[in-house]
Amino acid sequence: MARILITSALPYINGIKHLGNLVGSQLPSDTYARYMRARGHEVMYICATDEHGTPAEIAAAKAGKPVAEYCAEMHEVQAELARGFRLSFDFFGRSSSQRNHQLTQHLARRLGENGLIEIVTEKQVYSKADGRFLPDRYIEGTCPNCGYEGARGDQCEECTKQLDPTDLINPRSAISGSTDLEVRETKHLFLRQSRLRDRLDEWIDSKRDWPVLTTSIAKKWLHDGDGLQDRGITRDLDWGIPVQFDGAPWEGMEGKVFYVWFDAPIEYIGATAEWADANGLDDSAWERWWRTDKGADNVRYVQFMGKDNVPFHTLSFPATLMGSNEPWKLVDYIKSFNYLNYDGGQFSTSKGRGVFMDQALEILPSDYWRWWLLSHVPENSDSEFTWENFQASINKDLADVLGNFVSRVTKFCRSKFGEVVPEGGAYGAAELAVIDEISTRLAAYQAHMEAIEIRKASAELRAIWAAGNEYLQEAAPWAAFKTDPERAAAIIRFALNLIRLYAVLSEPFIPDASATILGAMKTEARDWPDDVAAAMNILTPGHEFTVPDVLFAKITDDARAEMEQRFAGKDS
RNA sequence: GGGCCUGUAGCUCAAUUGGUCAGAGCAGAGCGCUCAUAACGCUUUGGUUGGGGGUUCGAGUCCCUCCGGGCCUACCA
């Protein structure tokens, strides 16, 4: 049994995430976690809300709430949606937790003691009306290059020219519109990650098996221009982890907080500590996952994230841990994802374009979304959601191939033998052939899951379902029943066992349907089938079951058209 | 501007890293079956692998170039 630590990139707190966010980290990591648990491994699966930063403060202000209250509410909303999608986190924490405060401050202190932090005086734009410093992106004005009036302080979206906020003509706050801006001096802590460049470079080089998407981004940052640059890790904000604290090895940082990207990944550790607290366990319980001197040396740590998160996970977070000179567990494998597009464009929160997590659960069961998203997860390139494709996949894969198989077998059995596994007859060549085929496919399915090739695994799983229909067609129990009822009994017994097997194998992808099937089969036997032949004898003659209701209702053309209309967005 | 990714059948994607007629699923066509959610099975039609050039015994894969799509570019997260 292995020990596997799995973290999903933290969803930001300022709103409900869309399906693209879901499929880019949480969903595939959940499937992986479920699979690894099913294989008997010890899994710690962690996620949390990322709660600090300017957007959180603005969203709270917009909602007319204190930021702490806003974050607490949004955390609960996101936690509820996570439950709705059956995301099986061992703990869903908060980056604003006391645990994260302590850990973040601890690591910063260690970095400071190790000479890896310096104080830098910077000039930044301050908005008197907003009472805050403005990140470059939150300053708008006219582009000096092309005259576009909505240019941002970091870049003009019209002519793509990189800008400095002071370049803008008639600059204004993007938050309030105020033009009462001034440049002020402010001091910030910088993480001297340039000093760790060689160590990071060597470390990245050792990760031969990482996806190109992951390593190429890291290498670019390490080698572009002057190489890895030092990075500010503090901000002038109210909401966040205070930089000045007892034992802090620097002064004059009152009123400042750590930069959200400094504390967010630390929350992976923080959330594990929160998990221990929530379960009444002491520190050793979480430390054995994170401290290589306290048991984490045999942990395999896998991170899941969208491609936009890669630099922070390959460089700044490892730099934080390495720079502490403490034996923290570093990531072993990073699985990064491309983006999911929506019907020929991008998901857009502002335009209401695309399906968001709450809406998705309102209109269809989570298994539908899980199946489509996982079987189309953007592993190799951006992928595309269309309603037509969604409808076709759900109706064909879930309703016709899997759902109908369960239906035809259980209903046939009920009408000929009753709701009980029939006795008589014996498995023969046809059954052995199916066992052979499924064994081969199962090995492929497992290999793909081990390699975190979710799409390929889903295709293999589907083929395993389809093998049941092929078998049934070949064995034709409806014909056998007329001449040789014992033979029909053996076929149906075999098919009923296939149904149970399918429920077990499908659990990482469609946990609700899996539970429904096992419930209908009235069995608790969900051990992973290391031996397919043996698994075909788990439901024994005389075992009772019930015919389940339709597992997957089909999506009608009308329903599809309606949803297509509803989620098209305002401006497109 | 710079860097990276990407373009394969009508659609969504593969192709063991340069090696047999480029494969699946869906959609289309034909046949079969009648247990089942008008479901299932079998067979089958679709491709000058974005265009052009090059390297090689051999290119979807490597190089050059053009065209299209996307991401990143360090103060959004």
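The chains referred to below are lettered A, B, ... by the order of the sequence lines, with proteins before strands, and numbering in each begins at 1.
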Is [X] near enough to [N] that one of its side-chain N or O atoms lies under 4.0 angstrom from OP1 or OP2?
X        : N     : answer
A:Tyr471 : B:C42 : no
A:Arg414 : B:C35 : no
A:Lys554 : B:A39 : yes
A:Arg137 : B:C76 : yes
A:Lys396 : B:C40 : yes
A:Arg455 : B:C13 : yes

[X] [atom1] to [N] [atom2]: how many Å, rounded?
X        : N     : atom1 : atom2 : value
A:Phe390 : B:C11 : CZ    : C1'   : 16 Å
A:Asp230 : B:A74 : CG    : P     : 15 Å
A:His448 : B:C13 : NE2   : C1'   : 13 Å
A:Trp371 : B:C26 : CH2   : C1'   : 13 Å
A:Asn389 : B:C11 : CG    : P     : 12 Å
A:Arg408 : B:A38 : CZ    : P     : 12 Å
A:Leu461 : B:A24 : CG    : C1'   : 15 Å
A:Glu388 : B:G28 : CD    : C1'   : 13 Å

Within the 4.0 Å heavy-atom criterion, would you say [X] contacts the bases, only the backbone, or no part of the nucleic acid?
X        : result
A:Gly53  : sugar-phosphate
A:Gly227 : base
A:Val550 : base
A:Ser375 : nothing
A:Ser415 : nothing
A:Ala392 : sugar-phosphate
A:Pro477 : nothing
A:Tyr339 : sugar-phosphate
A:Leu10  : nothing
A:Glu122 : base
A:Phe405 : nothing
A:Asp308 : base
A:Lys456 : sugar-phosphate

Checklist entry - Do the charged groups of A:Glu122 and A:Lys187 touch, with an N to O distance under 4.0 Å? => result no

Next on the checklist: Quick check: A:Phe317 with A:Trp261 (ring centres under 6.0 Å apart)?
Outcome noted: no

Next on the checklist: Quick check on side-chain contact (heavy atoms from CB on, under 4.5 Å): which of A:Asn100, A:Thr234, A:Leu237 does A:Phe258 satisfy it with?
Outcome noted: A:Thr234

Any donor-acceptor pair, under 3.5 Å, between the side chain of [X] and the base of [N], if you only look at N and O atoms?
X        : N     : answer
A:Trp221 : B:A74 : no
A:Glu470 : B:C40 : no
A:Asn404 : B:A39 : no

Next on the checklist: Looking at B:C35 and A:Trp478: do their rings stack (centroid distance under 5.5 Å, interplanar angle under 30°)?
Outcome noted: yes

Checklist entry - What pattern of brackets, bars and dots sums up RNA chain B from 5' to 3', given Watson-Crick or G-U wobble pairs under 3.5 Å, [ ] for crossing pairs and | for another strand? => result (((((((..((((.....[...)))).(((((.......))))).....(((((..]....))))))))))))....

Item to check | Residue met sooner reading RNA chain B from 5', once A:Asn341 and A:Trp372 are mapped to nucleotides | outcome: A:Trp372

Item to check | Residue whose nearest RNA chain B nucleotide is more 5′ - A:Phe552 or A:Arg462 | outcome: A:Arg462

Name the atoms and distances for all side-chain donor-acceptor pairs under 3.5 Å in residues 494-503 of chain A, with sequence neighbours left out.
unit_1, atom_1, unit_2, atom_2, d
A:Asn497, OD1, A:Ile538, N, 3.2
A:Asn497, OD1, A:Leu539, N, 2.8
A:Asn497, ND2, A:Arg493, O, 2.9
A:Asn497, ND2, A:Met536, O, 3.1
A:Asn497, ND2, A:Leu539, O, 3.1
A:Arg500, NH1, A:Ala525, O, 2.5
A:Tyr502, OH, A:Ile464, O, 2.6
A:Tyr502, OH, A:Gly468, N, 3.1

Using the [atom1] atom as the reference point in each nucleotide, state the distance between [N] and [M] in Å, no decimals.
N     : M     : atom1 : answer
B:U65 : B:C5  : P     : 15 Å
B:C40 : B:G58 : C1'   : 43 Å
B:U6  : B:C75 : C1'   : 30 Å
B:G47 : B:A9  : C1'   : 5 Å
B:C26 : B:U16 : C1'   : 25 Å
B:G28 : B:G19 : P     : 36 Å
B:A14 : B:C62 : P     : 15 Å
B:U49 : B:G60 : C1'   : 5 Å

Item to check | Per A:Gln473 side chain, nearest of listed nucleotides B:C75, B:C33, B:U37 | outcome: B:C33

Next on the checklist: For the residue pair A:Lys307 and A:Phe337, would you count it as a cation-pi contact if the rule is NZ or CZ under 6.0 angstrom from the ring centre and within 45 degrees of the ring axis?
Outcome noted: no

Checklist entry - Which class fits the ring pair A:Trp372 and A:Phe390: parallel under 30°, tilted 30 to 60°, perpendicular over 60°? => result perpendicular

Item to check | Geometric class of the A:Trp371/A:Trp465 ring pair [parallel <30°, tilted 30-60°, perpendicular >60°] | outcome: tilted

Next on the checklist: side-chain contact (heavy atoms from CB on, under 4.5 Å), that's the test. Do A:Trp387 and A:Val355 meet it? Break it down for me.
Outcome noted: CA-CA 11 Å; A:Trp387 285 100; A:Val355 185; 3.5 Å; yes

Checklist entry - Going through the distances and angles, do A:His188 and A:Val243 end up as a side-chain contact (heavy atoms from CB on, under 4.5 Å)? => result CA-CA 10 Å; A:His188 282 298; A:Val243 180; over 6 Å; no

Checklist entry - side-chain contact (heavy atoms from CB on, under 4.5 Å) between A:Met521 and A:Thr410: does it pass, once the steps are laid out? => result CA-CA 9 Å; A:Met521 291 296 109; A:Thr410 53; 3.7 Å; yes

Checklist entry - CD of A:Glu450: more than 12 outside heavy atoms within 6.0 angstrom? => result yes

Checklist entry - Syn or anti: how is B:G46 classified when any glycosidic angle within 90° of 0 counts as syn? => result syn

